Colleague: 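One structure follows; several queries about it will come next.
Quick note: residue numbers are just sequence positions, from 1. Keep in mind it's a predicted model, so treat the numbers as computed, not measured.
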Amino acid sequence: MIRMRTAAALVAPALLAAGLSGLAPTASASPTARTAAGTAAAPTAATAAAPHRVLFDNTKAETAGNADWIISTSQPDPLAQNASPSTEKSWTGALSAWGVALQKTGQYSLKTLPAGSTISYGTGAALDLANFDTFVVPEPNVRFSATEKAALIRFVQNGGGLFLISDHNQSDRNNDGWDSPAVINDLLTNNGVDNNDPFGFSVDVKNISTDNPRAVNDPADPVLHGAFGTVTGSILRSGTTFTLKPADNPSVKGLLYRTGYSGTTGAFFVTSGYGSGRVAIWGDSSPADDGTGQSGNTLFDGWNDPAGTNAALALNATAWLSKA
């Protein structure tokens with residue numbers, strides 16, 4: 001489904017304009033998880049230089065319709081398209097700005113799980129989740145299989161970071177009867193490992209046309225105040241929100257809220273802990289869209305939209321999930 005969004009001004013944040021290659025995201029403590037998580041040991045000289053491994057999903061129709069939620073058309077390795085990317089146009093995909101920004105730090109190793117692949121955990125395959133620190137699932141439009149749902153929960157439970165991006169109700173881009181709110185809610189309630197709201201939130205079945213969610217006042221939060229900048233807000237252009245359920249998982253936390261909302265309702269960006277892992281979820285794909293991608297797609301530059309600090313939010317959250 002084509003979403004109507006306001007075209008963003010091409011105003012790059014000063015942080016990105018200055019170049020991210022010199023930034024080193026700082027480590028931060030994880031929130032209290034539903035299952036007690038151990039304190040991460042200080043990095044040793046041997047581990048400090050190891051890149052943080054991030055896998056982006058492209059198995060759930062992330063490029064259906066006008067979506068182009070990939071970091072590069074070169075998959076699994078974006079470096080095969082351009083080994084030294086300098087701008088979002090160095091790689092082809094509407095999430096290329098996200099990927100390039102991480103790549104330029106020299107601290108991340110990026111891969112894409114290509115279409116036709118299966119999400120797995122513990123199989124020994126090269127692109128198995130056990131080989132990565134963070135898995136990014138940008139607006140899934142195909143239901144996860146039973147095996148995949150179990151793999152995702154186990155991955156987080158055992159220390160992985162899961163970054164989910166939802167979109168609005170009736171955003172079924174490939175017309176298979178499943179949109180991202182339904183796909184994600186199914187993961188949370190029917191995964192075969194913990195069907196009782198493991199992360200402490202649910203996706204609201206809503207289509208909110210436009211809003212500019214603002215960040216809560218929490219100077220100590222590593223996602224809102226991280227090495228990639230300070231997050232003040234985001235944009236919502238046909239998206240949804242989340243309902244928090246702290247009784248199910250007390251670590252759940254709303255970081256940005258729709259105008260007029262707070263507490264357990266109207267959250268637009270949420271983090272949580274589960275086992276020894278971490279989870280983040282965003283209520284719209286628009287903020288991560290950098291306006292560039294494959295020919296024929298209608299895209300908008302939300303990444304640099306001056307109404308939000310979307311680049312800092314995506315990058316700080318990736319660093320936090322990766323325990324960077």
Side-chain angles (χ1 to χ4, degrees), residues 1-9 56-57 60-71 93-98 136-141 162-173 178-185 187 201-216 223-224 231-244 254-261 265-271 279-293 297-318:
M1 176 177 178
I2 299 175
R3 295 174 298 139
M4 298 302 295
R5 293 177 285 180
T6 303
F56 285 79
D57 186 60
K60 299 294 174 272
E62 279 93 348
T63 60
N66 274 321
D68 200 36
W69 312 141
I70 56 174
I71 58 171
L95 301 188
S96 59
W98 187 346
V136 182
V137 186
E139 195 189 336
N141 268 267
L162 179 61
F163 200 148
L164 299 166
I165 299 178
S166 184
D167 204 49
H168 59 86
N169 182 40
Q170 297 184 339
S171 55
D172 180 9
R173 297 178 187 270
W178 287 85
D179 58 16
S180 53
V183 170
I184 296 171
N185 280 334
L187 169 67
F201 61 78
S202 61
V203 184
D204 298 330
V205 182
K206 293 185 176 182
N207 185 350
I208 303 163
S209 61
T210 187
D211 192 41
N212 294 323
R214 298 294 93 186
V216 300
V223 174
L224 298 179
V231 175
T232 57
S234 187
I235 62 170
L236 199 168
R237 305 291 184 262
S238 293
T240 191
T241 51
F242 310 102
T243 296
L244 309 190
L255 298 187
L256 286 87
Y257 283 85
R258 180 185 178 190
T259 303
Y261 289 80
T265 61
F268 182 63
F269 196 99
V270 175
T271 59
V279 179
I281 188 167
W282 215 339
D284 190 5
S285 52
S286 304
D289 185 347
D290 66 20
T292 71
N297 290 327
T298 302
L299 301 166
F300 301 89
D301 187 2
W303 184 259
N304 295 311
D305 194 312
T309 45
N310 299 310
L313 181 54
L315 297 169
N316 283 346
T318 306

Colleague: With no hydrogens and no angle check, is any side-chain donor or acceptor of D290 less than 3.5 Å from a backbone partner on W303?
Modeller: no
Colleague: A side-chain contact here means heavy atoms from C-beta on lying under 4.5 Å apart; do N297 and N66 qualify?
Modeller: yes
Colleague: Taking all atoms of both residues into account, what is the closest heavy-atom pair of P140 and I184, and its distance?
Modeller: CG-CG1, 4.2 Å
Colleague: State, to 0.1 Å, how close D167 and P181 come at their nearest heavy-atom pair, and which atoms those are.
Modeller: O-CG, 3.2 Å
Colleague: Could you pull out the closest heavy-atom pair between F163 and A317, with the gap in Å?
Modeller: CE1-CB, 3.6 Å
Colleague: With distance as the sole test, does N310 use its side chain to make a donor-acceptor pair with the main-chain N or O of G302 at under 3.5 Å?
Modeller: yes
Colleague: Under a plain distance cut-off of 3.5 Å, with no hydrogens placed, do T243 and D204 share a side-chain donor-acceptor pair?
Modeller: yes
Colleague: Is it the case that the side chains of N212 and R258 hold a donor-acceptor pair, with the cut-off being a distance below 3.5 Å and no angle test?
Modeller: no
Colleague: So which atom in T292 and which in D68 form the shortest heavy-atom distance, rounded to 0.1 Å?
Modeller: O-OD2, 4.3 Å
Colleague: Hey, does the side chain of N141 reach the backbone of R173 with a donor-acceptor pair shorter than 3.5 angstrom?
Modeller: yes
Colleague: Say you draw a straight line from CG of L224 to CG of L256; how long is it, rounded to the nearest 0.5 Å?
Modeller: 6.0 Å
Colleague: Strictly distance-based, threshold 3.5 Å: is any side-chain N or O of S285 a donor or acceptor partner for the main-chain N or O of E139?
Modeller: no
Colleague: Could you state the interatomic distance from CZ (F268) to CZ (R214), rounded to the nearest 0.5 Å?
Modeller: 10.5 Å
Colleague: When you look at V137 and L162, which way does the side-chain contact (heavy atoms from CB on, under 4.5 Å) test go after all the steps?
Modeller: CA-CA 8 Å; V137 186; L162 179 61; 4.1 Å; yes
Colleague: Is there a side-chain contact between D284 and I235 in this structure, where contact means two heavy atoms from C-beta onward sitting under 4.5 Å apart?
Modeller: no
Colleague: Is there a side-chain contact between L313 and V223 in this structure, where contact means two heavy atoms from C-beta onward sitting under 4.5 Å apart?
Modeller: yes
Colleague: I'd like to know if the side chain of D172 and the backbone of D179 have a donor-acceptor N/O pair within less than 3.5 Å.
Modeller: no
Colleague: Is there a side-chain contact between V203 and I281, using heavy atoms and a 4.5 Å cut-off?
Modeller: yes
Colleague: Minimum heavy-atom separation for V270 to L244, with atom names?
Modeller: CG2-CD2, 3.6 Å
Colleague: At what distance, to the nearest 0.5 angstrom, does CZ of F201 lie from CG of N185?
Modeller: 9.0 Å
Colleague: Check whether N207 reaches the backbone of H168 with its side chain - one donor and one acceptor, N or O, closer than 3.5 Å.
Modeller: no
Colleague: Can a donor-acceptor pair be found, under 3.5 Å and without considering hydrogens, that links the side chain of T309 to the backbone of G233?
Modeller: yes
Colleague: Before giving the answer on side-chain contact (heavy atoms from CB on, under 4.5 Å), spell out for Y257 and T265 the whole-Å C-alpha distance, their side-chain angles and the decisive distance to 0.1 Å.
Modeller: CA-CA 8 Å; Y257 283 85; T265 61; over 6 Å; no
Colleague: Testing the basics here: between A288 and I165, what is the closest heavy-atom pair and its distance to 0.1 Å?
Modeller: CB-CD1, 4.4 Å
Colleague: Going from OG on S166 to CH2 on W282, what distance comes out if it is rounded to the nearest 0.5 angstrom?
Modeller: 13.0 Å
